[in-house]
Amino acid sequence: MAVIALALVVAGTALAAAPVRTAAPGQVVAIAADRHRVAFAVGRSPGDCDRVRVWRPATGGVSRLGRRSPCVETSTGHGIAALAIAGTRALWLSYIGGNIREWSLWTASTTAPAPRLLRYRAVDVDQGSPIVVGAVDASPRGSGLLPYAVGRRVVVLRANGSRLFAWTAPAAVTALGAHAGGLAVALADGRIFGFQPLRSPDPVDEWSGAPAAAVFVTGDGVAAQRGRTLELRSASSRMFQLPPGGRVTDVEGGRAAYVAGGRVHLVDLATGADRVVARGTLAQLAGSKLVVADGRRLTTRALG
């Protein structure tokens, strides 16, 4: 079967150049990175909560997006569960509730910061989220894809907020990934489908395995976390074993980032070399940069 064919750049995992930092007003609970911008969500902070901001490390500027979810305390809490960015547009999933949890999917941009509600679902708190936001890797031209799913229905937005693609999967969607025109959709039955939605509405690849908790379009193929295994499906398919509690946060080009025990690891997908590069709980790859969140601190640094 064909794989999503895009250009792969295999690079080492050395860290280079001085890092750039900014401080958030509260605990950072989610991050997403494009080549020139970092979106980050802050939980509770003085006078605010569950707010998405967009940081430009090159200039130090931070844009605050709008918020329409309330800051009231509920029995099972509130927060932002997932976040993605493409160009100036962010896509995020918020929740609030008690025994019934309300899930809301929003989008806004730095030029139109008022949030637009895309989807709303209310389900029993024990059921988990009925909405999935895709893992989006940096687009070379800031024109990436923003995928999400509600149950079996997959939708892909362009960076300008318009709809590009829609597909009804044969089973519930557990994870999505997109990069440079490629899309991967992981299902609850263990199947993963690959698409090139800019070219065709039909899948170009399909394979099966254990259900995937996360899926990423890497550049020349697809990577999926199945339990403690990171599976890379490309011209040179490989398996990588993760430590207990390891959670893959991003895979792009020749690198994978994962967090375990409050430490950020980088894995060289060509050699399998794995090393700790930072302290943190969230990490994203953005082209030649690594973005890390640790408490209220955000750091971006070049990768050699």
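The figures here come from the full heavy-atom set of this structure, side chains too, leaving out hydrogens, waters and symmetry mates.
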Closest heavy-atom pair and its distance - [X], [Y]:
X    : Y    : answer
P70  : C49  : O-SG, 4.0 Å
V54  : I85  : CG1-CD1, 4.0 Å
G87  : D34  : N-OD2, 2.5 Å
A184 : I192 : CB-CG2, 4.5 Å
A224 : A212 : CB-CB, 4.1 Å
R191 : P170 : NH2-CG, 3.4 Å

| message | Is it true that T168 and R153 share a donor-acceptor pair across their side chains at a distance under 3.5 Å? | response |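 Note: R153 and T168 side chains meet the donor-acceptor criterion.
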Q.
We want to know whether R158 and S162 form a side-chain donor-acceptor pair, criterion being a heavy-atom distance below 3.5 angstrom.
A.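 Side chains of R158 and S162: pair found under 3.5 Å.
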Closer than 3.5 angstrom, by distance alone: can the side chain of [X] be matched with the main-chain N or O of [Y] as a donor-acceptor pair?
X    : Y    : value
R255 : L269 : no
T76  : G98  : yes
T107 : A90  : yes
R226 : A210 : yes
T249 : A283 : yes

Do [X] and [Y] sit in one hydrophobic cluster, given that two such residues count as connected whenever their side-chain heavy atoms are within less than 4.5 Å of each other, even indirectly?
X    : Y    : answer
V292 : L285 : yes
V291 : V28  : yes
L105 : L83  : no
L282 : V62  : yes
V173 : L183 : yes

With sequence neighbours left out, which residue pairs that include part of residues 234-260 fulfil the ring-ring contact (aromatic ring centres under 6.0 Å, His included) condition?
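Those involving residues 234-260 are Y258-H265.
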Original post:
Which residue pairs satisfy the ring-ring contact (aromatic ring centres under 6.0 Å, His included) criterion with at least one member in residues 275-301, sequence neighbours excluded?
Top reply: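 Non-adjacent pairs meeting ring-ring contact (aromatic ring centres under 6.0 Å, His included): zero.
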Gap between atom [atom2] of [Y] and atom [atom1] of [X] - 0.5 Å precision:
X    : Y    : atom1 : atom2 : result
L157 : F165 : CG    : CZ    : 12.5 Å
W55  : H36  : CH2   : NE2   : 14.5 Å
W103 : S94  : CH2   : OG    : 9.0 Å
I80  : W106 : CD1   : CH2   : 10.5 Å
L145 : L176 : CG    : CG    : 11.5 Å
L242 : D274 : CG    : CG    : 8.5 Å

N/O donor-acceptor pairs under 3.5 Å from side chains in residues 119-135, not counting sequence neighbours:
{"residue": "D124", "atom": "OD1", "partner": "D126", "partner atom": "N", "Å": "2.9"}
{"residue": "S129", "atom": "OG", "partner": "I131", "partner atom": "N", "Å": "3.1"}
{"residue": "S129", "atom": "OG", "partner": "I131", "partner atom": "O", "Å": "2.6"}

Practice item. Give the intermediate values and the outcome of side chain to side chain contact (heavy atoms under 4.5 Å, CB included) for residues Y95 and E102. Key: CA-CA 5 Å; Y95 65 90; E102 300 175 7; over 6 Å; no
Give the C-alpha distance, both sets of side-chain angles, the deciding distance and a yes or no for salt bridge (charged side-chain N to carboxylate O under 4.0 Å, His left out) between D205 and R233. CA-CA 10 Å; D205 193 19; R233 180 180 172 90; 3.0 Å; yes
Which pairs with one or both residues in residues 281-298 pass side chain to side chain donor-acceptor pair (under 3.5 Å), sequence neighbours excluded?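 Every side chain to side chain donor-acceptor pair (under 3.5 Å) pair that includes a residue of residues 281-298, provided the two are not neighbours, is R279-D294.
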Qualifying salt bridge (charged side-chain N to carboxylate O under 4.0 Å, His left out) pairs, either residue in residues 63-91, two or more places apart
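The answer is R44-E73, D48-R64, D48-R67.
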Residue of the set V204, V185, D202 for which side-chain contact (heavy atoms from CB on, under 4.5 Å) holds with F195
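With F195 as partner, V204, V185, D202 yield a single side-chain contact (heavy atoms from CB on, under 4.5 Å), made by V185.
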*Verdict with supporting geometry, F193 and W167, ring pair (Phe, Tyr, Trp, His ring centres under 6.0 Å)*: CA-CA 11 Å; F193 290 86; W167 179 65; 5.3 Å; yes
Got a sec, which residues hit side chain to side chain contact (heavy atoms under 4.5 Å, CB included) with V42, two or more places apart in sequence or on another chain?
->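 Once residues adjacent in sequence are excluded, the partners of V42 under the side chain to side chain contact (heavy atoms under 4.5 Å, CB included) criterion are A24, P25, F40, S45, R53.
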query: Run the side chain to side chain contact (heavy atoms under 4.5 Å, CB included) check on R163 and V155 step by step: do they pass?
result: CA-CA 7 Å; R163 179 181 291 194; V155 175; 3.6 Å; yes
Within the 4.5 Å heavy-atom criterion, are [X] and [Y] side-chain neighbours or not?
X    : Y    : result
R116 : L118 : yes
P115 : L65  : no
V264 : V276 : no
S104 : L93  : no

Self-check item: S237/L232 under side chain to side chain contact (heavy atoms under 4.5 Å, CB included): CA gap, chis, key distance, verdict
Solution: CA-CA 5 Å; S237 298; L232 175 65; 5.9 Å; no
Self-check item: Step-by-step side chain to side chain contact (heavy atoms under 4.5 Å, CB included) determination, L164 to L198
Solution: CA-CA 8 Å; L164 168 68; L198 294 171; 3.7 Å; yes
